[in-house]
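Worksheet for the structure shown next.
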Amino acid sequence: MTDKFQPKPALLRRQVQVRGVVQGVGFRPFIYRLASEEGLAGFVGNGTGGVTIEIEGPEQRLDAFLARLRREPPPLARIDALTAQDLLPTGEAGFRILASERLGRVSTGIPADAATCPDCLRELLDPRDRRYRYPFINCTNCGPRFTITRQIPYDRPQTSMAKFPMCPDCQREYDDPANRRFHAQPNACWVCGPRLWLVGADGVEIASDDAVVACDAVAACIDRLVAGEIMAIKGIGGFHLSVDATNEVAVERLRQRKHRYGKPLAVMVRDLDAARRVCALTAGEEALLATSARPIVLARRREGCGIADNVAPGIPWLGVFLPYAPLQHLLFADPRIQALVMTSANLSEEPIAIDNDEALARLGGIADAFLMHNRDILQRCDDSVAAVVDGVPQLVRRARGFVPLGLELPFDAPPMLAVGGHLKDVFTLARGRFAYQSQHLGDLENLTGLEFFEESLGHLMRTFEIEPQTVAHDLHPGYLSTEWAKKWAQERGLPLIAVQHHHAHIAGCMAEHNLTGEVIGLALDGTGYGTDGHIWGGEVLLARPQSFERFAYLEYVPMPGGEAAIREPWRMALAHLRAAGFDAGAGDTLALAGATEKEARVLERMMERGVNAPLTSSLGRLFDAVAVVVLRRRTVDYEAQAAIELEGVAVDEPDDQPGYAMDIVGGDWIRREPARISAAPLWRELVRDLQAGVSRARMAARFHAGVAAAFVRAAELARTVTGINQVALSGGCMHNRRLARLLRVKLENAGFEVFQHSQVSPGDGGLSYGQVAVAAAILQASKSEAQPELAL
Ligand SMILES: [Zn+2]
Ligand SMILES: [Zn+2]
Ligand SMILES: [Zn+2]
């Protein structure tokens with residue numbers, strides 16, 4: 001407080017607190033430069049509460065400083081909140097940068113890993129530069145962050161660069177506020193920094209990079225790639241397995257050794273021009289490819305682009321991405337390297353390998369040689385996967401480049417953990433207005449996956465200093481994640497909140513768009529446990545963040561064999577045909593489903609007696625069943641393969657195909673009885689088309705159109721009853737671009753306001769974020785009920 005009787009000082013002093021992604025992104029040097037340019041005195045320092053700045057000078061200068069701070073922050077920074085408070089001037093001269101301190105509670109972001117910036121790339125390829133061809137070049141605008149950080153504050157001693165003391169040249173850059181490498185924590189060079197070497201599958205060294213510009217290891221690696229060998233290459237978030245993507249034989253050998261037979265492989269190409277040559281890119285896809293997060297982008301493959309057919313068999317898309325580490329740029333600097341398969345180095349669904357010894361042990365039977373280095377990866381992080389769905393960039397897998405950036409929540413959450421769903425698990429920690437999603441963790445069914453989950457949870461809890469007070473989990477009692485949550489909460493005496501799967505999907509979409517009222521939620525999904533014990537997945541919900549009601553659903557059919565019906569969709573085809581009134585024992589029905597008489601008999605017994613044949617309303621399973629009949633595919637090699645191929649076969653069909661009919665039957669909203677969406681008429685029309693010789697593409701398009709029309713009609717019924725006009729779209733089926741586009745267009749034509757995911761995956765990768773939204777809303781509601789006198 002200033003005393004009003006004192007003369008007004010000519011100089012003012014202000015304390016400014018900045019929260020957001022402000023550490024490890026060149027923020028302090030930026031502040032230093034700004035303050036110097038405005039002629040201000042004071043200091044800037046990192047704390048666990050963000051960045052604290054004190055500035056002293058004439059009022060006009062202080063205002064100019066703050067305006068520029070908001071207007072021109074460094075490229076990787078993100079300012080979430082900025083507060084300023086007046087202090088008494090101290091007469092300080094000059095501006096200082098304080099060493100990192102640990103002050104207060106953590107609310108600052110830790111930066112995500114960022115791709116090599118243009119300045120570093122220029123130096124990397126400049127023979128006169130002292131870092132010419134140095135595979136670990138970086139600066140404050142680029143380089144690894146999350147994956148090399150043990151805990152915050154993000155400073156060199158807390159990273160895996162701690163063991164590399166800087167040489168005088170690097171130290172000078174690091175200490176010079178005018179330098180691009182001022183306080184660049186991973187700063188290094190040929191003299192002082194990490195090294196590369198190449199070893200054979202037997203662990204014996206083949207080549208290393210001891211000579212300053214020799215790059216022998218990189219050259220030897222390139223020769224082997226050109227010769228068709230499989231290389232394990234240590235990257236930013238883990239090892240990649242790499243082969244020449246234009247070499248069909250090499251790709252096939254990789255598939256055999258990795259036991260990954262049908263699933264598409266991602267391809268890295270030199271630059272945007274090269275990406276344009278292999279894929280027909282939209283402007284949105286080009287922008288996604290070029291972001292500093294460098295995700296794998298699913299885009300339309302060009303015919304005859306030179307990429308081997310077995311890289312992404314059976315689909316018209318290719319997962320393509322650009323180099324993001326200097327080492328990858330060095331590989332592509334050789335004109336013989338045009339396109340490389342770069343796939344996570346693991347065996348089938350195990351977590352990605354990060355450690356040199358671990359890689360040798362686990363990948364010995366897969367890779368012919370290993371290009372490794374001694375900068376440790378402290379956090380496993382797969383490549384992120386993104387797609388432009390209906391014009392909106394959408395994250396399919398949120399990992400490197402995005403983790404651990406916080407996601408905003410529409411309301412305050414007490415410290416909590418949400419453990420997510422069954423497969424491809426991602427957990428979320430939350431506190432206050434922010435939710436922090438873990439990287440994609442892979443399948444929890446194997447032990448290594450579970451260890452990874454716990455390792456990653458421990459790290460993020462330390463990083464954000466969040467000690468969960470509540471644990472949210474899926475309603476499914478049989479999920480491994482549910483069992484784990486129960487045990488973990490019990491050990492700590494914490495309350496649990498079970499969240500219905502599709503409610504979580506919809507609540508996540510609502511939270512992403514700051515919606516706190518009531519929406520019509522279309523949860524179009526694979527499988528999730530319902531409140532009636534059946535398996536849901538084609539749901540029209542009336543949802544609020546804290547609760548929901550089921551307004552309509554896709555009519556139940558049995559799922560003969562349970563989980564087996566997901567791997568063998570012919571079972572679903574038979575179940576759906578039977579439910580639609582076809583004689584499941586008749587020869588033509590068996591031919592449609594590709595089933596033998598014996599198989600049909602076994603299934604019939606299961607379905608009749610309801611043994612190992614849970615009922616499901618899953619839209620994903622209907623997609624599978626239709627794909628069996630249209631594409632003659634009995635089984636799948638990876639999750640959702642049949643549905644993805646069904647979307648793929650229709651890729652060139654116009655959107656306005658007349659859809660197959662679906663009925664909406666039953667439903668009495670006064671008595672809270674949900675309506676049922678029946679696929680029976682669809683099957684009759686589909687089989688008629690099949691017999692008439694209609695093309696597969698046309699049938700697939702008509703199916704998509706029919707499904708979209710039926711759910712839009714259900715939403716209209718819901719609006720008639722409730723007056724709600726906002727529709728949230730979520731669930732794994734929303735990865736399907738044709739379905740997403742058709743739904744949005746039809747809903748908008750019907751006058752609805754439509755909301756889709758962008759930052760959070762609509763599939764189960766986004767589930768834990770939705771669980772946080774539901775649990776936080778439940779806690780808030782119970783608090784205001786229990787203590788009305790405290791409500792403001
Ligand atoms: Zn850089
Ligand atoms: Zn150095
Ligand atoms: Zn789901």
Side-chain angles (χ1 to χ4, degrees), residues 24-26 29 74-76 111 113-125 129-131 134 136-145 156 161 164-175 179-195 212 292 324-326 329 420-426 474-476 479 481 499-509 521-530 535-539 541 566 616-621 639-640 729-735 757 760-771:
V25 292
L76 298 179
D113 303 304
T116 310
C117 74
D119 289 330
C120 286
L121 186 55
R122 201 176 329 105
E123 291 168 353
L124 178 70
L125 303 175
D129 193 273
R130 72 185 191 92
R131 289 190 182 82
Y134 182 57
F136 304 93
I137 188 170
N138 66 82
C139 71
T140 45
N141 298 324
C142 73
R145 298 287 189 270
R156 195 165 175 113
M161 288 303 291
F164 299 100
M166 277 181 277
C167 69
D169 284 339
C170 286
Q171 188 70 50
R172 209 170 301 124
E173 295 166 333
Y174 185 90
D175 292 335
N179 195 285
R180 201 173 91 244
R181 296 195 166 86
F182 178 69
H183 283 218
Q185 306 306 344
N187 188 29
C189 74
W190 281 111
V191 178
C192 63
R195 281 306 168 88
V212 167
S292 70
Y324 52 84
H329 284 289
H422 193 29
L423 296 163
K424 297 180 185 165
D425 216 44
V426 167
D474 193 272
L475 194 62
H476 199 310
Y479 275 5
S481 58
V499 181
Q500 199 280 323
H501 191 99
H502 302 100
H503 183 208
H505 274 310
I506 298 299
C509 183
L522 301 186
L524 309 178
D525 202 24
T527 54
Y529 193 77
I535 296 174
W536 294 10
E539 310 301 315
L541 306 180
I566 299 176
T616 186
S617 57
S618 163
L619 181 63
R621 300 289 82 79
E639 203 196 341
L729 299 173
S730 190
C733 296
M734 297 315 298
H735 287 311
H757 286 277
V760 175
S761 163
D764 287 0
L767 203 66
S768 55
Y769 174 74
Q771 289 172 344

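Counting starts at 1 for both ligands and their atoms, following the listed order.
Ser730 and His757 share a side-chain donor-acceptor pair at under 3.5 Å.
For Arg156 (side chain) and Asn187 (main-chain N/O), a donor-acceptor pair under 3.5 Å exists by modelled atom type. Put simply, the side chain of Glu539 never gets that close to the backbone of Leu522: no donor and acceptor are under 3.5 Å apart. At least one donor-acceptor pair under 3.5 Å links the side chain of Ser618 to the backbone N or O of Asp525.
Annotation: angle subtended at the Zn ion (ligand 1) by Cys139 SG and Cys142 SG is 120°, to 10°.
Of all protein N/O/S atoms, those lying under 2.8 Å from the Zn ion (ligand 2) come to 4.
Between Cys117 and Cys139 the shortest side-chain heavy-atom distance falls below 4.5 Å. With contacts defined as side-chain heavy-atom distances shorter than 4.5 Å, the pair Pro186/Arg145 qualifies.
Taking the six-membered ring where the residue is Trp, His501 and His505 present perpendicular rings, their angle passing 60° and hence far from 30°.
The Zn ion (ligand 3) sits nearest to atom OD2 when only the N, O or S atoms of Asp525 are considered. Asp764 has its closest N, O or S atom to the Zn ion (ligand 3) at the position named OD1.
Residue side and main chain included, His505 places an N/O/S atom under 2.8 Å of the Zn ion (ligand 3).
Each of Cys170, Pro326, Cys120 was evaluated against Arg131; a single residue qualifies, Cys170, per the side chain to side chain contact (heavy atoms under 4.5 Å, CB included) test.
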